[in-house]
Amino acid sequence: QVQLVESGGGLVQAGGSLRLSCAASGTIYRLYVMGWYRQAPGKQRELVAAITSGGSTNYADSVKGRFTISRDNAKNTVYLQMNSLKPEDTAVYYCNVKGWSPILTEYDYWGQGTQVTVSS
């Protein structure tokens, strides 16, 4: 089992910033990809940003230039720095990790989600 603890969500005015964090624990051997997804009411869940163990990143077009994803491998933690927030960024943000362990083989786990609300 892999557990994910998310934090950093909250209420912020447009133009403000938030930093999300997600710490993984449990049966961890290798974390190939760590990322953030979001889902607004009535909309599909979408990828926001992802980062590989080698440091390669991928961002949704809507957040490029505003969000930055990073990871601390020693802490098994991924971060999402969100700047210049817009009301359209309002959603529940979910941490996702993909990895491998001798027991779990390949795994894919999701956090419980943290609410981000951006007011105008």
Side-chain angles (χ1 to χ4, degrees):
Q1 285 288 307
V2 176
Q3 294 80 45
L4 303 177
V5 179
E6 300 162 312
S7 63
L11 175 64
V12 66
Q13 292 187 349
S17 298
L18 287 173
R19 191 191 191 204
L20 306 182
S21 65
C22 173
S25 62
T27 311
I28 298 172
Y29 192 75
R30 294 178 180 177
L31 293 173
Y32 296 142
V33 184
M34 306 183 77
W36 292 93
Y37 292 71
R38 68 186 181 187
Q39 186 169 23
K43 295 185 178 181
Q44 298 289 331
R45 184 175 298 185
E46 64 174 348
L47 172 70
V48 177
I51 184 168
T52 70
S53 59
S56 297
T57 58
N58 185 37
Y59 295 93
D61 289 340
S62 60
V63 307
K64 288 181 179 178
R66 299 188 298 120
F67 292 8
T68 302
I69 190 169
S70 62
R71 62 189 286 172
D72 185 336
N73 292 332
K75 297 181 178 180
N76 294 318
T77 300
V78 62
Y79 305 93
L80 184 67
Q81 179 66 46
M82 304 185 294
N83 298 325
S84 302
L85 283 162
K86 305 175 181 179
E88 307 92 87
D89 296 318
T90 296
V92 177
Y93 285 69
Y94 297 91
C95 178
N96 173 259
V97 299
K98 298 179 175 65
W100 182 92
S101 75
I103 302 300
L104 300 176
T105 62
E106 292 189 331
Y107 58 80
D108 186 342
Y109 283 93
W110 294 86
Q112 295 299 306
T114 183
Q115 178 70 48
V116 171
T117 302
V118 184
S119 65
S120 59

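Source: prediction; values computed, not measured. Numbers here are sequence positions counted from 1.
Heavy atoms only, all atoms of each residue included: Ser84 and Arg66 are closest at O-NH1, 3.0 Å. Closest approach of Ala40 and Thr90 over heavy atoms only: CB-O, 3.7 Å. When all heavy atoms of Leu31 and Ala24 are compared, the pair lying nearest together is CD1-CB, 4.4 Å. Contact record, Asn83 with Ser17: OD1-OG, 2.9 Å, taken as the closest heavy-atom pair. Nearest heavy atom pair, residue Val97 against residue Met34, reads CG1-CE, 3.7 Å. Residue Gln39 comes nearest to Lys43 through the heavy atom pair NE2-O, 3.1 Å, listed as atom of the first residue, atom of the second, then distance.
In this structure, Arg45 is positioned above the aromatic face of Tyr94, its NZ or CZ under 6.0 Å from the six-membered ring centre and within 45° of the axis.
Ser21 and Thr77 form no side-chain donor-acceptor contact under 3.5 Å, judged by distance and modelled atom types alone. Donor-acceptor pairing under 3.5 Å is lacking for the side chains of Thr114 and Arg38.
Under the side chain to side chain contact (heavy atoms under 4.5 Å, CB included) criterion, Ser101 pairs with Thr27, Tyr29, Ile103, Leu104, Tyr107, not counting sequence neighbours. Evaluation of the side-chain hydrogen bond (donor to acceptor under 3.5 Å, both in side chains) rule for Asp72 yields no partner, not counting sequence neighbours. For Lys98, the side chain to side chain contact (heavy atoms under 4.5 Å, CB included) test picks out Val33, Tyr37, Asn96, Asp108, with sequence neighbours left out.
Below 30°, between 30° and 60°, or above 60°: for Phe67 and Tyr93 the angle between ring planes is between 30° and 60°, a tilted geometry.
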Evaluate salt bridge (charged side-chain N to carboxylate O under 4.0 Å, His left out) for Asp89 paired with Lys86, printing each intermediate quantity in order. CA-CA 5 Å; Asp89 296 318; Lys86 305 175 181 179; over 6 Å; no

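Residue Gln115 qualifies as enclosed at atom CD: its count of foreign heavy atoms under 6.0 Å is above 12. Atom CD of Gln112 is surrounded by 12 or fewer heavy atoms from other residues, nucleotides or ligands within 6.0 Å.
The side-chain contact (heavy atoms from CB on, under 4.5 Å) test with Met82 singles out one residue from Val48, Leu20, Val12, and that residue is Leu20. The side-chain contact (heavy atoms from CB on, under 4.5 Å) with Ile51 is formed by just one residue from the set Thr68, Ile69, Leu80; it is Ile69.
When side chains are defined from C-beta on, Tyr32 does not count as touching Thr52, because their heavy atoms never get closer than 4.5 Å. Using a 4.5 Å heavy-atom cutoff, the side chains of Cys22 and Tyr79 are not in contact.
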